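Per chain, numbering begins at 1; letters A, B, ... match sequence-line order. The basis for the numbers below is simple: all heavy atoms, side chains too, and nothing from hydrogens, waters or symmetry mates. Everything quoted here is computed from the prediction, not taken from an experiment.
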Amino acid sequence: MEKTYNPEQIEAKYRALWEDKNLFSSNLNASSSEAYSIMLPPPNVTGSLHMGHAFQHTIMDVLTRYHRSQGKQTLWQPGTDHAGIATQMVVESQLLANNITRHTLGREKFVQKIWDWKSKSGGTITQQMRRLGASVDWEKERFTMDKGLSDAVRRVFIQLYNEGLIYRGKRLVNWDPVLRTAVSDLEVVSTEEQGSLWHMRYPITDSNEVMVVATTRPETMLGDSAVAVHSKDARYTHLIGKTVDLPLTDRKIPIIADDYVDMEFGTGCVKITPAHDFNDYEMGKRHNLAIINILTDDAKINDSVKSRYINMDRFVARKHIIKDLDAQGLLEKIEPHKLMVPRGDRTHAVIEPYLTDQWFVKIAPLAKPAVDAVKNGDIRFIPNNWSKTYYNWMDNIEDWCISRQIWWGHRIPAWYDANGKIYVADSQAQAQAQAGEGVALTQDEDVLDTWFSSALWPFSTLGWPAKTPELSRFYPTNVLVTGFDIIFFWVARMIMFGLKFTGDVPFKDIYITGLIRDGQGQKMSKSKGNVLDPIDLIDGISFKNLLKKRTQGMMQPKMAEKIKQQTQKEFSQGIPAFGTDALRFTFVALSSFGRDIKFDLKRVAGYRNFCNKLWNASRFVIMHLDGETIDTNATLSTPDKWILSRLQEVKTKVKKHLSDYRLDLMSQVLYEFVWHDYCDWYLELSKPLLADDNNKLGTQATLIKVLNEIVTLLHPIIPFITEEIFEQCNATLGKNSRSLMCEPYPTPESQLVLPDTTAEIKWLQTFILGVRQIRSQMNISPSKMLNCFVQDFNTSDECYLDNNAGLIKFLLKVQNLNKLAPEIDAPESATALVGDMKVLIPLAGLIDKEQEIGRLHKKLQKLNQQKTQFEAKLNNQKFISNAPQAIVEAERTRLTSTQNAIVDLSAQLEKMNRL
RNA sequence: GGGCGCUUAGCUCAGUUGGUAGAGCAUCGCCCUUACAAGGCGAGGGUCACAAGUUCAAGUCUUGUAGCGCCCA
């Protein structure tokens with residue numbers, strides 16, 4: 001084996017090997033009685049792998065590899081999402097660079113361009129997933145616009161339409177004027193921005209009075225159809241029923257009373273614009289007001305109202321309108337005002353409420369069973385508190401606007417005849433059959449919201465509506481691993497559609513992960529320039545290239561400078577290559593519940609070191625195998641039995657943590673076992689054992705047995721290095737092994753749990769630690785050979801001592817280890833305690849007397865402190881009578897042993913003082 | 001305004017039926033001891049945000065306060 005662990009080579013080797021041997025295939029273990037399946041949340045086909053993906057994919061891969069190695073038939077279903085708006089925008093902006101718009105190209109050619117783009121550039125993320133070692137079944141890879149999936153989409157649409165759960169209607173929707181399409185509530189992000197409150201005077205018809213209305217959107221006045229006041233507002237009751245002359249137009253609009261008006265806000269008068277505000281729309285319906293749409297689909301003033309503002313953008317028109325009102329003395333005042341501004345999550349454009357014909361899913365009848373499924377435990381949120389968020393949203397859910405006025409996506413399977421009659425069908429031919437021969441039909445221009453097809457993902461990928469073997473085998477899936485940010489977009493909709501169309505939940509568990517943030521706890525984003533690319537953590541990147549990546553395409557030079565400073569501060573040396581396994585281990589170790597993750601590079605370095613440690617431990621083991629066969633029946637020494645016993649505990653814990661989705665705890669248990677038990681203790685103990693012919697065979701057998709189980713246990717987390725170690729071990733033993741991936745996951749063997757050996761090794765460790773402490777605190781060189789006496793030992797001490805004298809001598813560099821009878825006066829020594837037994841290291845020129853006195857003082861101080869605590873507890877009658885017997889007993893034992901230690905050390909101290 | 005979470009060692013975080021506070025990194029000693037200096041051995045460091053309550057016993061349960069964060073309106 002190479003002296004240093006080299007992740008790059010190993011990873012390349014097994015990436016190729018696993019795929020060549022088809023080991024990710026869901027056809028493996030086909031005869032197993034159990035199946036396990038996970039649906040990969042399909043990333044956008046335009047996307048590249050970010051830290052969030054890498055994190056979630058690691059978790060899914062750990063679960064998949066674990067269950068696969070338990071012999072289950074396992075499917076991790078990969079694929080990508082066509083991401084309607086996002087993808088269309090990418091290709092549009094590419095075309096725009098050549099001065100081509102999608103409209104000059106036409107629908108058909110434009111869509112073809114997107115398909116071309118997809119086949120050329122759409123595979124980025126799936127290639128990156130391979131770097132991570134994600135064991136998805138690549139043969140089953142799907143795309144949301146594949147034929148089968150598109151068939152499923154139409155099938156669902158038609159059925160919902162026929163059941164009255166999909167309808168078309170003219171409604172006020174969120175309109176993105178840049179994309180010129182409707183978007184759903186979820187795609188609108190409202191943020192507080194600084195604006196103004198304009199107070200405008202509306203003259204009362206045939207009167208000298210004016211009403212002052214306050215608004216944040218003055219330009220919408222062109223579309224006002226009323227002014228509303230509260231019915232109990234004494235200031236205005238005399239005006240209700242009259243009209244005002246709407247300025248800048250020749251219209252008169254009524255003054256109405258509605259209790260929705262907040263008397264305290266502004267002047268207590270509100271202008272009502274039903275076509276351009278959601279609240280006003282509702283009020284307009286109550287009062288039968290005219291709905292006057294004053295905007296074009298790109299948010300310019302249209303010609304529905306005669307004015308000089310036609311064709312101006314709404315914000316340009318605003319300026320003119322304010323100016324003109326002011327000139328006419330109709331502007332009362334302008335106040336600064338903070339308001340919530342809705343913006344499109346893709347374009348960042350101000351979203352307009354806009355009245356158009358759209359398709360909707362009637363959600364209430366679908367939501368009810370979806371809520372019940374979580375309430376009755378068919379679906380579990382992990383951690384559970386997310387179910388509250390889910391209920392909260394589901395209880396307030398509104399109908400879902402599913403039509404989008406873009407070209408990339410599933411076209412709505414609806415056709416219209418000349419009279420606007422709707423025919424919903426699977427194809428034009430079937431629509432024609434419905435309409436009758438000779439009726440001219442045109443298909444709806446719109447496509448479906450991308451999330452419509454995503455909602456079908458758990459069953460459409462398995463071949464639904466056909467009753468395929470995959471569907472019955474793998475549906476419902478076992479767990480969905482995803483972020484909280486798409487609970488509403490996606491998770492809830494999968495549950496609704498899954499229940500509706502398969503009659504079963506799409507997954508049993510929903511594991512909601514935290515968000516990966518940067519080292520400062522900031523959300524990673526391109527605009528902030530704090531993004532880490534998982535691939536850069538694997539391969540490493542220079543400071544220069546990292547900075548280039550982060551500032552590429554920066555609009556503001558100021559921002560670029562800030563990013564430079566930030567990057568310099570954190571990554572002045574760039575990022576070293578940590579390898580995939582170290583990155584994966586980090587994600588797993590950080591995956592605790594209910595908390596976002598501040599990503600700390602030092603943790604990655606730590607786990608890279610762990611991989612290196614494991615690597616070197618393996619080198620040690622292989623080095624001592626002599627390339628011979630292993631005698632699995634050899635007699636085992638106490639340390640051999642001990643490490644095997646510890647291993648059983650570890651396996652039990654790992655199993656539990658995995659079933660609780662506590663991968664962080666799983667990794668912690670394994671980390672500690674490998675480093676601190678196996679390497680720090682067992683490997684050190686094995687050195688003298690290997691040198692002794694009586695123990696050699698047993699120790700060899702144990703070294704390799706434990707190592708083999710270690711790599712198998714760790715394989716789901718760090719698959720590459722463990723495969724390599726496994727192979728090297730087998731090669732050394734001349735065994736022809738299968739891939740480690742196919743090895744069964746180790747299970748606890750209760751007959752190997754031996755409390756007695758654990759107690760003996762605990763004794764040995766206390767002994768060794770005590771002497772090491774003396775050596776270190778007395779500044780005795782590690783290479784200096786020592787003499788050692790023991791005194792005041794009981795029979796069990798004596799037995800342990802005889803058993804382990806060789807190990808003690810070897811590990812502590814002790815040349816003479818002698819028992820002293822209690823009555824014998826020991827030479828001046830530094831003392832350590834193992835239970836009641838004294839371990840004495842004679843001073844004999846090695847040790848400074850004063851130093852030892854100081855050391856003993858400090859120890860006694862600590863012990864006395866503890867003693868006081870224990871005594872206080874035990875003197876408390878209530879504690880004695882109320883606490884469980886076992887707890888009281890444990891406390892008594894502690895007090896006794898502390899007291900004994902104090903007596904022993906005090907005597908020792910006194911003796912030193914006397915000298 | 002409603003909901004959810006977080007606050008534990010200098011930093012990043014564990015701590016699941018309440019029972020003597022843990023890890024990694026960082027710090028300070030000593031060591032290139034043939035698996036590993038990406039390492040070994042040893043050491044220091046915490047009134048578990050604050051306050052009250054329940055309890056024999058609270059980091060852990062209850063209530064309140066403060067600070068931070070997220071979601072919804």
Looking only at rU16(B), rC56(B), rA35(B), the nucleotide nearest the L665(A) side chain is rU16(B)
Do the side chain of E891(A) and the base of rA57(B) come within less than 3.5 angstrom through a donor-acceptor pair of N or O atoms?
-> no
Distance test, side-chain N/O of N392(A) to OP1/OP2 of rC4(B), below 4.0 Å = no
Pair D660(A) + K656(A): basic N to acidic O under 4.0 Å | yes
Would you say Q773(A) reaches rA43(B)'s phosphate, i.e. side-chain N/O to OP1/OP2 under 4.0 Å?
-> yes
Residue-phosphate contact under 4.0 Å: N616(A) side-chain N/O, rA35(B) OP1/OP2 = no
With sugar-phosphate meaning primed atoms plus P, OP1 and OP2, does R608(A) contact a base, only sugar-phosphate, or nothing at under 4.0 Å between heavy atoms?
-> base
Can you tell which of rA35(B), rG42(B), rC56(B) lies closest to the side chain of M623(A)?
-> rA35(B)
Give one of base, sugar-phosphate or nothing for S783(A), where a contact means two heavy atoms less than 4.0 Å apart.
-> nothing
Remember a base hit wins even if backbone is also touched, and classify L769(A) as base, sugar-phosphate or nothing at under 4.0 Å, heavy atoms.
-> sugar-phosphate
Check whether any side-chain nitrogen or oxygen of K862(A) sits under 4.0 Å from OP1 or OP2 of rG44(B), and answer yes or no.
-> yes
Does the side chain of K388(A) get closer than 4.0 angstrom to OP1 or OP2 of rG3(B) through an N or O atom?
-> no
Most 5' of G606(A) and D596(A) on RNA chain B, judged by nearest nucleotide | D596(A)
Please work out whether the ring planes of F593(A) and Y511(A) are parallel, tilted or perpendicular, with thresholds of 30° and 60°.
-> perpendicular
Under 4.0 Å: is that the gap between some side-chain N or O of H676(A) and OP1 or OP2 of rG40(B)?
-> no
Any side-chain N or O of S776(A) less than 4.0 Å from the OP1 or OP2 oxygen of rC41(B)?
-> no
Is the distance between the ring centroids of Y390(A) and F488(A) less than 6.0 Å?
-> no
So what's rU17(B) paired with, Watson-Crick or G-U wobble, going by both distances under 3.5 Å?
-> none
For K3(A), report the nucleic acid contact type (base, sugar-phosphate, nothing); a contact means any heavy atom under 4.0 Å.
-> sugar-phosphate
Without swapping roles, check the side chain of Q777(A) against the backbone of R855(A) for a donor-acceptor pair under 3.5 Å.
-> no
Shortest side-chain distance from N876(A), nucleotide among rC56(B), rG19(B), rC41(B) | rC56(B)
Per D680(A) side chain, nearest of listed nucleotides rC72(B), rC36(B), rC41(B) = rC41(B)
Using atom CH2 of W681(A) as one end and atom C1' of rC41(B) as the other, report the distance to the nearest whole Å.
-> 11 Å
Rounded P spacing from rG59(B) to rU47(B) in Å = 13 Å
Pair partner, rA26(B) [Watson-Crick or wobble, under 3.5 Å] | none
Counting only N and O atoms by type, is there a donor-acceptor contact under 3.5 Å from the side chain of R772(A) to the main-chain atoms of L812(A)?
-> no
With a non-hydrogen cut-off below 4.0 angstrom, is I880(A) in contact with a base, only sugar-phosphate, or nothing?
-> nothing
Quick one: label F870(A) by what it contacts on the DNA or RNA (base, sugar-phosphate, nothing), any heavy atom closer than 4.0 Å.
-> base
Please work out if D485(A) contacts a base, only the sugar-phosphate, or nothing of the nucleic acid, heavy-atom cut-off 4.0 Å.
-> nothing
Can you check the N384(A) CG to rC4(B) C1' distance for me, whole Å?
-> 12 Å
Are any of R662(A)'s side-chain N or O atoms less than 4.0 Å away from OP1 or OP2 of rG15(B)?
-> yes
Between rC56(B), rA35(B), rU16(B), which nucleotide gets closest to the side-chain atoms of H624(A)?
-> rA35(B)
Please give, in whole Å, the distance from rA21(B) C1' to Q865(A) CD?
-> 14 Å
Under 4.0 Å between a side-chain N/O of R517(A) and OP1 or OP2 of rC70(B), yes or no?
-> no
Backbone of R608(A) reached by a side-chain donor or acceptor of N612(A) within 3.5 Å = no
Just checking R619(A): base, sugar-phosphate only, or nothing, at a heavy-atom cut-off of under 4.0 Å?
-> sugar-phosphate
Is any side-chain N or O of R595(A) closer than 4.0 Å to OP1 or OP2 of rU7(B)?
-> yes
Nearest listed nucleotide, side chain of F484(A), among rC71(B), rA35(B), rC36(B) = rC71(B)
Nearest-angstrom distance from the residue atom CH2 of W675(A) to C1' of rC25(B) | 12 Å
Sub-3.5 Å donor-acceptor pair from the side chain of D664(A) to the main-chain atoms of L590(A), do we have one?
-> no
Tell me: NZ of K602(A) to P of rC25(B), nearest whole Å?
-> 11 Å
Whom does rC36(B) pair with, Watson-Crick or G-U wobble, provided both distances fall under 3.5 Å?
-> none
Under the side-chain contact (heavy atoms from CB on, under 4.5 Å) criterion, do I808(A) and F767(A) qualify, and how do the steps go?
-> CA-CA 8 Å; I808(A) 290 170; F767(A) 195 117; 3.7 Å; yes
Pairing partner (Watson-Crick or G-U wobble, both distances under 3.5 angstrom) of rG69(B) | rC4(B)
Within the structure shown, what part of the strands sits under 4.0 Å from C679(A) by heavy-atom distance: base, sugar-phosphate, or nothing?
-> base
d(CZ, R894(A); P, rG19(B)) in whole Å | 11 Å
Please state how far atom NZ in K613(A) lies from atom P in rG24(B), giving the value in whole angstrom units.
-> 12 Å
Between Q777(A) (CD) and rG44(B) (C1'), how many Å, whole number?
-> 11 Å
Considering only atom C1', compute the distance from rU54(B) to rG18(B) and round it to an integer number of Å.
-> 12 Å
Taking only Lys NZ, Arg NE, NH1 and NH2, and the carboxylate oxygens of Asp or Glu, determine whether R217(A) and E352(A) approach each other closer than 4.0 Å.
-> yes
NA contact type, T4(A), heavy-atom cut-off 4.0 Å: base, sugar-phosphate, or nothing?
-> base
